[in-house]
Structure formats: structure tokens, C-alpha cells
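Here's the structure we're looking at; comments come further down.
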Amino acid sequence: MEIIIENGRRILVAKKGCVIQSVSDGSILGKKLILGKKDSEIHYHEIPVPEVSTEDSLE
């Protein structure tokens, strides 16, 4: 993961093939996350992109 500054905002970006996940509740948040003023990157980590099984799909 890396933090970039875009339009004055801190954005947490996952590396290719990964997504950002919340450490506290396990929510998968996506490839990018805008960090708030008091938010810290230590509350997130990156995981490999999860594979969706046919049981998980809506089809």
C-alpha cells in the first residue's frame, strides 16, 4: 500500500492485485480509500483480490 496526495486529500492505494481491508471489522473497501484528517493507515491492510465463487454471485 502507499499513500498519495491528490487535490489535498490523503488517499490510501493498494498495490496491483490487492484490495484494502479494514483491520477492525474485516470489511473489504476496494483499491483506493480517502483517509480522513484523523484517520490512520494502520487501521487498514491489503489482501489479495478475493475470488468470487458461484455461490457468492447473484446470478
Side-chain angles (χ1 to χ4, degrees):
M1 286 186 309
E2 68 175 309
I3 295 178
I4 61 172
I5 306 295
E6 200 172 276
N7 296 327
R9 294 183 174 159
R10 295 181 315 135
I11 302 174
L12 191 59
V13 181
K15 66 184 174 190
K16 187 175 181 174
C18 293
V19 292
I20 298 169
Q21 182 179 39
S22 170
V23 172
S24 59
D25 66 5
S27 298
I28 296 175
L29 305 169
K31 295 285 295 172
K32 291 183 176 182
L33 175 67
I34 297 172
L35 296 171
K37 287 183 180 183
K38 296 182 180 180
D39 205 2
S40 173
E41 66 276 4
I42 64 171
H43 297 116
Y44 308 98
H45 60 253
E46 61 186 5
I47 61 170
V49 174
E51 292 184 28
V52 178
S53 70
T54 54
E55 295 174 4
D56 294 336
S57 69
L58 297 174
E59 297 178 317

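Keep in mind it's a predicted model, so treat the numbers as computed, not measured. One is the number of the first residue; the rest follow in order along the sequence.
- Checked by atom type and distance alone, the side chain of S40 pairs as donor or acceptor with a backbone atom of I42 at under 3.5 Å.
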### Task
Applying side-chain contact (heavy atoms from CB on, under 4.5 Å), run through E41 and I3 and close with a yes or a no.
CA-CA 8 Å; E41 66 276 4; I3 295 178; 3.4 Å; yes
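- To the nearest 0.5 Å, the span separating NE2 on H43 from OG on S24 amounts to 7.5 Å.
- The CZ atom of R10 sits 9.0 Å away from the CG atom of L12 when rounded to the nearest 0.5 Å.
- Expressed to the nearest 0.5 Å, how far OH of Y44 lies from CG of L35 amounts to 6.5 Å.
- Under a 3.5 Å cut-off, the side chain of Q21 and the backbone N or O of I47 do not form any donor-acceptor pair.
- If you take CD1 on I11 and CD1 on I4, they are separated by 5.0 Å, rounding to the nearest 0.5 Å.
- K31 places a side-chain N or O within 3.5 Å of a backbone atom of K15 that can act as its donor or acceptor partner.
- Clustering ILVMFWY residues whenever any of their side-chain heavy atoms sit less than 4.5 angstrom apart, transitively, puts L29 in the very cluster that holds M1.
- In this structure a side-chain-to-backbone donor-acceptor pair under 3.5 Å is missing from N7 to R9.
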